Amino acid sequence: MDGFEENAGVIIMAATNRPESLDPALTRPGRFDRRVPVELPDLKGREEILKVHAKDIKVADDVDYNKIARMAAGASGAELANIVNEAALRAVRDNRKCATEADFEESIEVVIAGYQKKNAILTPQEKKVVAYHETGHALVAALQKHTAPVQKITIIPRTSGALGYTMQVDEGNHYLMSKEEMLDEIATLTGGRAAEEVKFGLVSTGASNDIEKATRIARAMVTQYGMTDEFDMVALETVQNQYLGGDTSLACSSDTQKRIDELVTDIVRKQHDKAKQLISDHADKLNELAEYLYEKETITGDEFMKILNEPAKK
């Protein structure tokens, strides 16, 4: 900052999560005029951050930091440090001298979904519904072109409230998403409910988080990304603060808001119908995979793809 000669040679730095609320007198040239946005680390950044924190613990020689970094997509530096700490704690609890790759993978799951809830007792029917639900997600993802590979499927309840989840991991950095990729992601999110409907003819509360995510993506397609013919490249929604959760506000008439709701509903419904069709067409594989998951409780992506690619059992 200039204007203070007695402070010559002193560099003043400040940080904020609310840059849009700063007084222009602070951000004009000669004041805090150099802005350095600190974004979430990319793949290479996550890998290097993991290595830095891993220096403080004993780690097995065969740990693939690149794989761990890909699994931790979207994690902040603090979350990556927490992942390393969790891996070390897991190794200590198991009386091992060093943390393995499995410890890191489980640590990521802890950060994403919480600890395993070992005292949660599901009825056999509930466990079967959860197995089909998670298999539905994985099956729809695997049968589409624009989705990340399935890394792991589990039906072990977590302290976050999740009764199971399907983990997908991209091969590398992913900065842009096409309309087709977003539609396939919505279809994947609806795959759990679709499997329940196809297999049991019922709908359960297990899809609440999927519904929220699918609706948010569909709404962004309409209001922010210009992915509909009706509104083309018109911005209907603005992000208030990208650094604090990205709160949004609509900038359109009530009639337009009604039409937005209709388009969002139509997008989600069409992808839900697509998911049900994919699962119905591969009902044999759905049953085979879900029964295997029911017995094992946790399976890897490799196990999943091996069964999926084998000839259907008669």
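What you see is a predicted model, and the numbers here were worked out from it, not measured in a lab. Throughout, residue positions are numbered sequentially from 1 according to the sequence presented. All values below were derived from every heavy atom in this structure, side-chain atoms included, with hydrogens, water molecules and symmetry-related copies excluded.
- Looking at heavy atoms from C-beta onward, Glu291 lies in side-chain contact with Tyr132 at the 4.5 angstrom threshold.
- A donor and an acceptor atom, one from each side chain of Thr223 and Glu237, are located under 3.5 Å apart.
- Within a 6.0 Å radius of CG in Asn309, more than 12 heavy atoms belonging to other residues, nucleotides or ligands are found.
- Both Tyr292 and Met305 are members of a single hydrophobic cluster when ILVMFWY side chains are connected at heavy-atom separations under 4.5 Å.
- A cation-pi arrangement, defined by a distance under 6.0 Å to the six-membered ring centre and an angle within 45 degrees of its axis, is present between Lys127 and Tyr294.
- In this structure, Val130 and Pro157 have side chains that are not in contact, with every pair of non-hydrogen atoms separated by 4.5 Å or more.
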Walk me through whether Gln277 and Asp281 qualify under side chain to side chain donor-acceptor pair (under 3.5 Å).
CA-CA 6 Å; Gln277 188 62 54; Asp281 292 344; 2.9 Å; yes
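- Remark: Asp266 engages Lys270 in a salt bridge, criterion side-chain N to carboxylate O under 4.0 Å.
- Taking hydrophobic clusters as Ile, Leu, Val, Met, Phe, Trp and Tyr residues chained together by side-chain heavy-atom distances below 4.5 Å, Val63 shares a cluster with Ile83.
- Although no hydrogens or angles enter the test, the distance criterion places a donor-acceptor pair under 3.5 Å between the side chain of Glu134 and the main chain of Thr166.
- Counting heavy atoms from C-beta outward, Glu197 and Val203 have side chains that approach closer than 4.5 Å.
- Under the 4.5 Å side-chain heavy-atom criterion for Ile, Leu, Val, Met, Phe, Trp and Tyr, Leu308 and Val169 are members of distinct hydrophobic clusters.
- Residues Glu303 and Lys296 are not paired through a salt bridge, judged by the lack of any N-O separation under 4.0 Å between the basic side chain and the carboxylate.
- Across all their heavy atoms, Ala195 and Leu286 have their closest contact at CB-CD1, 4.1 Å.
- A distance of 5.5 Å separates OG1 of Thr188 from CD of Gln168, quoted to the nearest 0.5 Å.
- For the atom pair CD1 (Ile108) and NZ (Lys67), the distance works out to 9.5 Å, reported to the nearest 0.5 Å.
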So Gln151 and Thr300, side-chain contact (heavy atoms from CB on, under 4.5 Å) or not? Walk me through it.
CA-CA 6 Å; Gln151 175 73 24; Thr300 65; over 6 Å; no
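- A distance-only check finds no donor-acceptor pair linking the side chain of Asp94 to the backbone of Arg96 [under 3.5 Å].
- For the atom pair Met177 CE and Met227 CE, the distance stands at 8.0 Å (nearest 0.5 Å).
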Pair Tyr65, Glu48 - check side chain to side chain donor-acceptor pair (under 3.5 Å), show working.
CA-CA 8 Å; Tyr65 288 104; Glu48 294 303 319; over 6 Å; no
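- Asn85 has its side chain out of reach of His53: every pair of non-hydrogen atoms, C-beta onward, lies at least 4.5 Å apart.
- Ser253 and Thr256 are linked by a side-chain donor-acceptor pair at a separation below 3.5 angstrom, with hydrogens and angles left out of the test.
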Under the criterion side-chain contact (heavy atoms from CB on, under 4.5 Å), I'd like the reasoning laid out for Glu105 against Met167: C-alpha separation, chi angles, the key distance, then a yes or no.
CA-CA 11 Å; Glu105 292 179 5; Met167 178 185 289; over 6 Å; no
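- Closest approach of Val264 and Ala218 over heavy atoms only: CG1-CB, 3.9 Å.
- Grouping the Ile, Leu, Val, Met, Phe, Trp and Tyr side chains by contacts below 4.5 angstrom, directly or via other members, places Val84 with Met71.
- Counting heavy atoms from C-beta on, the side chains of Val198 and Ser280 come closer than 4.5 Å.
- Of all non-hydrogen atoms in Cys98 and Ala91, the two that sit nearest each other are O-CB, 3.7 Å.
- For the residue pair Gln271 / Lys274, a side-chain donor-acceptor distance below 3.5 Å is found, with atom types taken as modelled.
- The backbone N or O of Asp103 sits nowhere less than 3.5 Å from a side-chain atom of Glu106 that would complete a donor-acceptor pair.
- Between Asn66 and Leu43, the closest side-chain pair of non-hydrogen atoms falls below 4.5 Å.
- In summary, the side chains of His133 and Glu196 do present a donor paired with an acceptor at a separation below 3.5 Å, with no hydrogens or angles considered.
- Here the side chain of Asn287 pairs a donor or acceptor atom with the backbone of Ala283 at under 3.5 angstrom.
- Residues Ile279 and Ala194 share a closest heavy-atom pair of CD1-CB, 3.9 Å.
- Both Ile307 and Leu143 are members of a single hydrophobic cluster when ILVMFWY side chains are connected at heavy-atom separations under 4.5 Å.
- Residues Leu293 and Ala131 come closest through the heavy atom pair CD2-O, 3.7 Å.
- Asp184 contributes a side-chain N or O that, together with a main-chain N or O of His146, makes up a donor-acceptor pair within less than 3.5 Å.
- Of the possible donor and acceptor atoms, one in the side chain of Arg193 sits under 3.5 Å from a partner among the backbone N and O of Ser204.
- Using a 4.5 Å cut-off on side-chain heavy atoms (C-beta onward), Arg70 and Glu47 make no contact.
- For the atom pair Leu163 CG and Thr205 OG1, the distance stands at 7.5 Å (nearest 0.5 Å).
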Ser76 and Leu40: CA distance, side-chain angles, deciding distance, side-chain contact (heavy atoms from CB on, under 4.5 Å) verdict:
CA-CA 6 Å; Ser76 65; Leu40 292 174; 3.7 Å; yes
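- For CZ of Arg34, the number of neighbouring non-hydrogen atoms (other residues, nucleotides, ligands) closer than 6.0 Å is 12 at most.
- The pair Lys285-Glu288 meets the salt-bridge criterion, with a side-chain N (NZ, NE, NH1 or NH2) lying under 4.0 Å from an Asp/Glu carboxylate O.
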Please evaluate residues Ile299 and Lys152 with respect to the criterion side-chain contact (heavy atoms from CB on, under 4.5 Å), reporting the C-alpha separation (whole Å), side-chain torsions for both, the decisive distance (0.1 Å), and the verdict.
CA-CA 6 Å; Ile299 62 175; Lys152 187 176 185 178; over 6 Å; no
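- Distance CG/Asp61 to OG1/Thr100: 12.0 Å, rounded to 0.5 Å.
- Contact check for Thr147 versus Glu185: no side-chain heavy atoms found under the 4.5 Å cut-off.
- Going from atom CG of Leu26 over to atom CZ of Phe32 covers 6.5 Å, rounded to the nearest 0.5 Å.
- In terms of heavy atoms, Ala187 sits closest to Val140 at O-CG1, 3.6 Å.
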